[in-house]
Amino acid sequence: MAEQESLEFGKADFVLMDTVSMPEFMANLKLRFEKGRIYTFIGEVVVSVNPYKLLNIYGRDTIEQYKGRELYERPPHLFAIADAAYKAMKRRSKDTCIVISGESGAGKTEASKYIMQYIAAITNPSQRAEVERVKNMLLKSNCVLEAFGNAKTNRNDNSSRFGKYMDINFDFKGDPIGGHINNYLLEKSRVIVQQPGERSFHSFYQLLQGGSEQILRSLYLQKSLSSYNYIHVGAQLKSSINDAAEFKVVADAMKVIGFKPEEIQTVYKILAAILHLGNLKFVVDGDTPLIENGKVVSIIAELLSTKTDMVEKALLFRTVATGRDIINKQHTEQEASYGRDAFAKAIYERLFCWIVTRINDIIEVKNYDTTVHGKNTVIGVLDIYGFEIFDNNSFEQFCINYCNEKLQQLFIQLVLKQEQEEYQREGIPWKHIDYFNNQIIVDLVEQQHKGIIAILDDACMNVGKVTDEMFLEALNSKLGKHGHFSSRKLCASDKILEFDRDFRIRHYAGDVVYSVIGFIDKNKDTLFQDFKRLMYNSANPVLKNMWPEGKLSITEVTKRPLTAATLFKNSMIALVDNLASKEPYYVRCIKPNEKKSPQIFDEERCRHQVEYLGLLENVRVRRAGFAFRQTYEKFLHRYKMISEFTWPNHDLPSDKEAVKKLIEQCGFQDDVAYGKTKIFIRTPRTLFTLEELRAQMLIRIVLFLQKVWRGTLARMRYKRTKAALTIIRYYRRYKVKSYIQEVARRFQGIKTMKDYGKHVKWPTPPKVLRRFEESLQAIFNRWRASQLIKSIPASDLPQVRAKVAAMEMLKGQRADLGLQRAWEGNYLASKPDTPQTSGTFVPVANELKRKDKYMNVLFSCHVRKVNRFSKVEDRAIFVTDRHLYKMDPTKQYKVMKTIPLYNLTGLSVSNGKDELVVFHTKDNKDLIVCLFSKQPTHESRIGELVGVLVNHFKRDRHESTERDANLPEVETTQPQSYGQGVHNL
């Protein structure tokens, strides 16, 4: 039973329905689709509903959830079936196959790709290069075959127009070592004509949309799709496939698989030749047909590596041998057009078959010796066209639907056979199941001498002109009494059928009306021998190898070839025999609606598919009175926690006895039957009850295990923590001790060193001592500073303090602080600076000292002041420990303005080379000056001014808390012109 899905998502296995009926089946299918659960089991069959959207359920994490698990252990999924097939192959050395069926657009091709992806992901754990190469080629082959064998139809943008059966070979270790692909009935008529709303094969559009200008030029092609008669019907159709991007993907895939560059180029040439063939036009001159656009013939001849005149002759004439005489019979216009179209179809079919053969040559198992390498086992994956009912159903749909009849017959027979054999093995009475046996329809088509194919072959072999109407008449006369065949002649009142055109077959999937038009021609599959000889004589070896029969002489008599229908019938019989020899697994795909919408569930449409896929019969066969069966060992493993007799292990004689004890304790003994190795449960309710009891016990078991495990973890964690703390404590002690010893060793004797240990490198401290190291370095720096200061004369200390203050305030702000020279401070009293006026300034300074009682002169200097009219005037500033004076040197240093120092709130200087200074005051009457020196010129004094003022205010800080509040701020700004922006400084 599928785990981890509650009943809110419906029943994960249709076998577990309370009543086996169509309404309940459809209700469960719809519920699961609406809840996003696209997969549901019927025992070991997966029912898949196309979601029409991308789902995040195919990634690596999902693959790991299904790897090596039993079917009932995980929710329904394609990966569950793929893993079951792989396990059966690997564990029991049994050849298996996965049959994917459903109508066009139901998601068969995508399902096959996901299955291949899963098998590739779970194999080759040792990453052997050869196995990886084989896996990569197997996956890439899908992409190439889709390009050349798939097309957009009205039901599906990526519809397989051929049948594909791929065998994947595995060695005894379960790793893929090769494979083989069989293809069935390519719908080659699509090359020349498509129904409205449909396209030809993807390859044509990919070449035109994705090919480079150089490639298209070499093939005489242009990107316009509507320029080519064979594909112009679907030129304007929108498709979900990106043709331009897919062209590169397919080209890369062909290179990975092993196609040579010249082979890939030949493929492009063949596609181009077909497109050009479609543009050939025939005109009649009297009774003689001619080719209207002869230049196209030359292009076709060049692309096919043959001569222009030979191509023209093959298109316009047919060589007929009568005894020893050889006659060139001229075509009518109709015959020439027929021959051209038949040639185009044949070329494409040969190309497709050659691609399949080429892939097989590369991926097939080579040099495998079972005595050395062990048994070679196989998983087959069948992705074949689904049942088709179109507005116009022709020969191709007839063959496709016959194929589906054969597969449905095999499906029912194998499922029924498997069930009967299992019941017989287990000794359980078998209950007869009524189901629709479609053998009568299969016989209607394939029975020798009496079936439709036999009648069609007889019509094709008749001498003289045989028409499709004559074939229909033969069907009416020979099959008129068959219950599954009818025509307008047999049912005159049935106006759906046209006289002399239509016949109807009652298939297991529903009634299908076929038009006989084209049956004879398509069955004969006539291609004039001239075209075969033309291609065999091509200078291109790839093309030559595609047409081996072209080497036959014109007069050589050959055996009549088998017709297309007979070849297809034989291939279907061989395919069914091959599948019957393997252990089958099934994926039944359902298309939820015709609008390709992820929200719509068309119940009527889905019911029809459920009916013709025989899913309800499958459920009935699978149940046969019992909804569930399981081996005693696995049943006990899943449910043993329910009973104290079986938990944690039982001591009864056998697992069977233990299961009986468990069932009796739960009171279900009347709802089960005991086989030899399996228990059979009759109703789903019993199974659901067992699951509920198991879920309840699991909670208790999990809580108990969590309690025990948490206690164990806590004890282990405590012991580890205690040990770690002890180790850390001793280790820290060791690191601290080592660090202290290393510091002591390195700094030993630094008093005698010239730089007092400045050059000594500090050892790296442990993390715990980093802050201690910072403190230790600070102590060392203070000590070293004190040693250096001791050597400085007392008279120089004020200047040193001022320089330190200046550096603290302006370091990194200005380039030149004047630290390398001696700071005089009172430059106005210095004769070198003011040789003419120094004598005039000194008396003024002495008078101010007497008057304002200042103790020390901090700074004086000539300045230039810019007034509000941008006029420059010479002035001087005189800074004492009490006041800042602005003086006029031209008037014997007359004091123009006095500012008490306690009124200063800050100082602004620029970070350029100028000497601009702004003194900020409490009354916002800032003083703006520019320092300058007369001797020497360009001497920077900004650093000195800032240093002495800051040092002065710092010294006063220790003396007065009030003055500390008045300590000015020093600000550096970008340099600006004197005349503007002063207030912004």
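Since the model is a prediction, treat every value here as computed from it, not as a measurement.
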Is there a donor-acceptor pair closer than 3.5 Å between any side-chain N or O of [X] and the backbone N or O of [Y]?
| X | Y | answer |
| --- | --- | --- |
| Q609 | I590 | no |
| D655 | Y632 | no |
| Q408 | Y508 | no |
| Y639 | K634 | no |
| E583 | A88 | no |
| S643 | L662 | no |
| R74 | Y66 | no |

Please confirm whether Y184 and F162 have ring centers closer than 6.0 angstrom. no

Aromatic ring centroids of Y114 and Y118 under 6.0 Å? no

Are any non-hydrogen side-chain atoms of [X] and [Y] less than 4.5 angstrom apart?
| X | Y | value |
| --- | --- | --- |
| E64 | D61 | no |
| I681 | F635 | yes |
| F14 | F25 | yes |
| V46 | T40 | no |
| D167 | I379 | no |
| D95 | S581 | no |
| V610 | M22 | yes |

Would you call R607 and E611 a salt bridge, taking side-chain N to carboxylate O under 4.0 Å as the test? no

K591 bridged to D602 by N-O distance under 4.0 Å: no

Crowding at CG, L54 (>12 non-hydrogen neighbours, <6.0 Å): no

Going by side chain to side chain donor-acceptor pair (under 3.5 Å), name the pairs with one or both residues in residues 49-59, residues two or more places apart or in two chains. Y39-Y58

